[in-house]
Amino acid sequence: MAEEILQASKPQGGVAGLSGHKVGSSPILMREVQGVETIRYTTGIGELDLALGGGLVKGSVILIGGEPGIGKSTIMLQLASVISHQYKRKLLYVSGEESAEQIKMRAVRLDADTENLHLLTTSSFEDVLAALEASYFEFVVIDSIQTVVSSELSSSGGTVGQVRHITYKLVELAKSRGITVFIVGQVTKDGNIAGPKVLEHLVDTVLYFEGDYTRGIRLLRTVKNRFGSTNEVGLFEMTEKGLVEVGGDLFLQQDTSSASGQAICAVMEGTRSFLVEIQALIAPTFLQFPRRNTNGFDHNRLQMLAAVLEKRGGFNLSSADIYLNIAGGLRITEPAADIAVCAALISSFKDKVIDRRKIFIGEVGLSGEVRPVSNMVARVNEAARLGMNTFYSPTDAADKRIKTFRIKNVRDLILFLDK
Ligand SMILES: Nc1ncnc2c1ncn2[C@@H]1O[C@H](COP(=O)(O)OP(=O)(O)O)[C@@H](O)[C@H]1O
Ligand SMILES: [Mg+2]
């Protein structure tokens with residue numbers, strides 16, 4: 001429960017006050033509405049453009065959420081640099097978290113162009129409004145929404161009332177003056193209630209940063225977009241020079257030394273496909289209830305696949321611990337990886353290495369049948385691009401570069417792996 005102060009003096013508050021709509025509007029004929037062309041800026045950062053649905057829309061409000069240290073301020077500064085350098089547009093960077101010196105240091109480290117970048121270090125929202133009143137900035141970055149406080153409300157910064165009030169105001173400004181606004185929102189691991197979740201319906205685009213800290217991999221995921229498709233993912237690696245775009249082979253193990261228990265699958269994230277390595281280890285257990293450990297894969301799904309192998313494939317797994325790991329810190333949520341998981345399990349069980357140019361795609365059902373999955377063309381293309389030459393799946397790869405072995409059932413898979 002969060003306290004919220006309602007202000008009776010503002011009848012147009014709430015949703016009616018959004019996007020500059022006036023109280024007392026009447027219906028108009030749709031065909032008389034003047035079409036407006038959306039102006040898009042490409043950011044020069046391909047992965048960011050992809051996440052934004054093909055570039056930045058002028059006058060839109062974009063929320064970028066993520067845990068502390070994931071790289072929100074970094075990508076904002078890299079974007080600011082492009083806007084300053086390529087488009088020569090004035091940009092206001094509001095920071096309530098860091099000092100001007102700290103931001104300068106980061107800008108130097110990133111080699112950012114700061115020619116048209118104006119810095120405002122404050123935690124007062126009134127200062128921000130005054131700055132926007134005094135001069136026209138086409139782009140504004142608020143880093144972060146939790147550290148900016150409006151004196152119109154008595155509640156303290158970061159509360160639901162504050163972040164919502166400030167976001168309302170920013171949306172109004174964006175729509176009435178054509179300012180593009182970026183709102184940075186901190187998300188804590190335990191899901192801060194005053195965090196970006198309460199703002200999602202107010203803004204045009206919501207991007208979330210996630211990733212694997214140890215390997216520096218960062219995923220920028222589109223959760224909502226009024227100007228493009230959702231579920232897109234931008235892929236980056238965090239380096240000293242900032243976030244660098246990376247290709248889809250990122251999730252494959254870099255060293256190619258082969259061991260048993262590894263199988264490669266192509267999974268979809270949004271409209272793009274990645275090759276992912278599945279690693280399984282089956283070891284004798286000394287426990288009454290054997291262990292089933294997963295990392296990046298659904299635990300229940302693994303239980304099910306192990307049961308299918310046991311019942312339909314004749315493997316005795318009841319006296320073995322099973323560990324399953326998805327390399328690279330990715331989380332697989334689609335069933336297309338089922339047969340790759342089975343292949344990794346079989347490989348570990350029999351201690352037989354699977355060649356790293358084989359790829360497995362298909363969903364496994366309870367009777368052991370293997371079913372086709374969606375987006376086969378995208379998956380096969382990515383596999384061929386990265387040099388895969390053999391395809392195990394219920395459908396044909398239909399690609400000259402890849403030879404297909406039809407797998408209709410887990411028993412077919414066991415036979416093929418024995419060859
Ligand atoms: N000199 C450096 N070399 C490489 N990476 C760095 C360096 N300095 C900071 N970083 C990376 O930048 C991250 C902080 O990014 P930042 O944009 O400030 O995060 P956020 O704004 O999301 O809290 C650190 O977690 C670290 O991974
Ligand atoms: Mg930051």
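Just so you know, ligand 1 is whichever comes first in the structure, and atom 1 is the first atom listed for that ligand. In this chain, residues are counted from 1 in sequence order.
- Within 6.0 Å of CZ on Arg401 lie more than 12 heavy atoms contributed by other residues, nucleotides or ligands.
- Every atom of ligand 1 is numbered from 1 in the order shown, and the set under 4.0 Å from a heavy atom of Arg218 is 27 (O).
- Remark: among candidates Arg106, Met238, Gln102, the nearest residue to atom 26 (C) of ligand 1 is Met238, based on non-hydrogen atoms.
- Within the 4.0 Å heavy-atom shell around ligand 1 one does not find Gly66.
- Of the N and O atoms on the side chains of Asp49 and Thr42, not one donor lies less than 3.5 Å from an acceptor on the other residue.
- By the 4.5 Å heavy-atom criterion applied to side chains, Glu97 and Gln186 are counted as neighbours.
- Distances from ligand 1 to the non-hydrogen atoms of Glu97 include no value under 4.0 Å.
- Glu138 and Thr180 share no side-chain donor-acceptor pair at under 3.5 Å.
- Note on the Mg ion (ligand 2): protein N/O/S atoms under 2.8 Å are Ser73 OG.
- Close contacts of ligand 1 with Pro68, meaning ligand atoms under 4.0 Å from a residue heavy atom, involve 23 (O).
- Note: no N/O pair closer than 3.5 Å links Gln186 and ligand 1 by distance alone.
- Which of Arg109, Glu98, Gln78 comes nearest to atom 8 (N) of ligand 1 through a heavy atom is settled by distance: it is Arg109.
- In this structure, the separation between CD on Gln146 and CD1 on Ile166 is 10.0 Å, given to the nearest 0.5 Å.
- When all heavy atoms of Val149 and Glu126 are compared, the pair lying nearest together is O-OE1, 3.9 Å.
- Rounded to the nearest 0.5 Å, atoms CZ (Arg301) and CD1 (Ile332) are 11.5 Å apart.
- Numbered from 1 in the order shown, with element, the atoms of ligand 1 that lie under 4.0 Å from a heavy atom of Glu240 read 1 (N), 2 (C), 3 (N), 4 (C).
- Interface atoms of ligand 1 facing Thr74, defined by a heavy-atom separation under 4.0 Å, are 15 (O), 16 (P), 17 (O).
- Scanning all heavy atoms of the two residues, the minimum distance from Leu202 to Val171 falls at O-CG2, 3.7 Å.
- For the atom pair CG of Leu170 and CG of Leu129, the computed distance is 7.5 Å after rounding to the nearest 0.5 Å.
- For the ligand labelled ligand 1, residue Met105 lies outside the 4.0 Å heavy-atom shell.
- Classified by interplanar angle (parallel below 30°, tilted 30° to 60°, perpendicular above 60°), the ring pair Tyr392/Phe405 is parallel.
- When heavy-atom distances to ligand 1 are checked against a 4.0 Å cut-off, Lys72 comes that close through both its backbone and its side chain.
- A 6.0 Å sphere centred on NZ of Lys88 holds more than 12 heavy atoms belonging to other residues, nucleotides or ligands.
- Within a 6.0 Å radius of CD in Glu115, other residues, nucleotides and ligands contribute 12 heavy atoms or fewer.
- Contacts between Thr239 and ligand 1, counted as non-hydrogen atom pairs separated by less than 4.0 Å, involve the backbone only.
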